[in-house]
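So the structure is just underneath, and the comments pick up after that.
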Amino acid sequence: MAQLTHDVVIVGGGPAGMSAALVLGRSRRKVLLIDAGKPRNAVTLHSHGFLTRDGITPKEFRDISIHQLMKYESVSIKGDIVIRIEPEESIFTIHTQSGSRYIGKKVIIATGMKDHLPSIPGLQEVYGKSVFPCPYCDGWEHRDEPLAVFGQGEKLVDFTKLIANWSKDLLVFTNGPTNWSVSDLEKLNTYNIDVIDGHIKEVSSTNGFLKSIILEDGEVFKRSAGFIMNVDATQSSTIPEMLGVPYNHHGGYETDPHGLTCVPGLYVIGDATHAFSGLVGAAGEGYEVGVSINHKLVEEEWNMPG
């Protein structure tokens with residue numbers, strides 16, 4: 001049996017989805033948040049850059065968010081996975097893996113992205129613990145350390161320049177030959193940054209903490225942490241695609257500035273539209289879309305007959 005109609009159903013319980021739920025709950029909206037409990041940042045030990053929460057663990061952030069949401073009686077949270085959404089006129093029917101069915105006037109997709117690492121042995125073990133994609137999130141903790149930079153392509157030069165802001169002791173590992181220009185290589189050499197283009201046999205670590213990079217020819221390079229540029233990411237949910245929402249040039253879903261898609265009443269926010277928003281960016285988007293949706297609901301209610 002279908003549940004009572006919710007004003008908003010939110011799919012995804014990261015900072016974007018939780019923030020939207022908070023704003024809408026405070027706006028006296030009946031909100032259902034459905035979350036699978038598998039956040040993108042679960043691999044990392046600590047999250048940084050969120051004022052008042054700098055250094056918090058992903059679990060702590062989630063626990064605090066849920067605790068604060070629970071004081072709003074109109075907000076409910078379900079642990080489940082949404083498998084299908086059916087739009088019809090001015091409502092959506094949301095189907096979940098457990099067999100439940102919910103009705104919502106508006107839907108927010110905040111399911112984020114899934115990371116796919118290059119197939120380098122040992123890389124999965126260090127990812128999020130001592131090798132990271134974002135220097136703004138983890139660069140400070142590894143400032144002035146001997147760092148490895150992993151990647152391929154022309155953009156790796158600019159990425160290396162960025163990492164050099166936190167440490168000058170850099171080695172760039174391309175895991176194969178590069179086609180960089182002579183001027184790019186000379187520029188890196190000017191800053192004593194060597195490019196290692198041998199194929200990587202293994203990333204060696206202890207309990208997730210990087211120790212060395214071992215090449216197939218046996219050469220070993222001691223490093224204590226690193227940053228990786230070429231992390232492929234795919235959508236955690238293809239539901240917007242199934243409903244006809246196109247992709248943007250980031251690989252995220254196309255929306256207007258307030259997260260509204262081409263499907264009336266369907267919103268996408270956070271990493272699912274920007275590929276990477278960061279905690280504070282995603283939370284900001286959640287706040288913005290919550291305000292936008294509440295304004296929309298107010299206008300619809302005031303325009304109803306009677």
Could you pull out every donor-acceptor pair under 3.5 Å between side chains of residues 189-204 and any protein atom, sequence neighbours left out?
from, atom 1, to, atom 2, distance (Å)
Asn189, ND2, Leu185, O, 3.2
Thr190, OG1, Glu186, O, 2.8
His199, ND1, Asn175, O, 3.3

May I ask you to decide if Gly208's main-chain N or O and Ser130's side chain share a donor-acceptor pair within less than 3.5 Å?
yes
If only atom types and distance count, is the side chain of Ser19 paired as donor or acceptor with the main-chain N or O of Ala283 below 3.5 Å?
yes
Using 30° and 60° as the class boundaries, would you call the ring planes of Phe227 and Phe132 parallel, tilted or perpendicular?
tilted
Is Glu301 salt-bridged to Arg29, going by a charged N under 4.0 Å from an acidic O?
yes
Answer yes or no: is there an ion pair linking Asp184 with Lys187, defined by an N-O contact shorter than 4.0 Å?
no
Is there a side-chain contact between Leu260 and Thr255 in this structure, where contact means two heavy atoms from C-beta onward sitting under 4.5 Å apart?
no
Over 12 foreign heavy atoms within 6.0 Å of [atom1], [X]:
X      : atom1 : value
Tyr247 : OH    : yes
Arg26  : CZ    : no
Asn207 : CG    : no

Test salt bridge (Lys or Arg N to Asp or Glu O under 4.0 Å) on Asp7 and Lys30; report intermediate values, then the result.
CA-CA 5 Å; Asp7 290 313; Lys30 184 172 176 59; over 6 Å; no
CD on Glu219 to CD1 on Ile214, rounded to 0.5 Å:
11.5 Å
Does any donor atom in the side chain of His116 or Thr234 lie under 3.5 Å from an acceptor atom in the other side chain?
yes
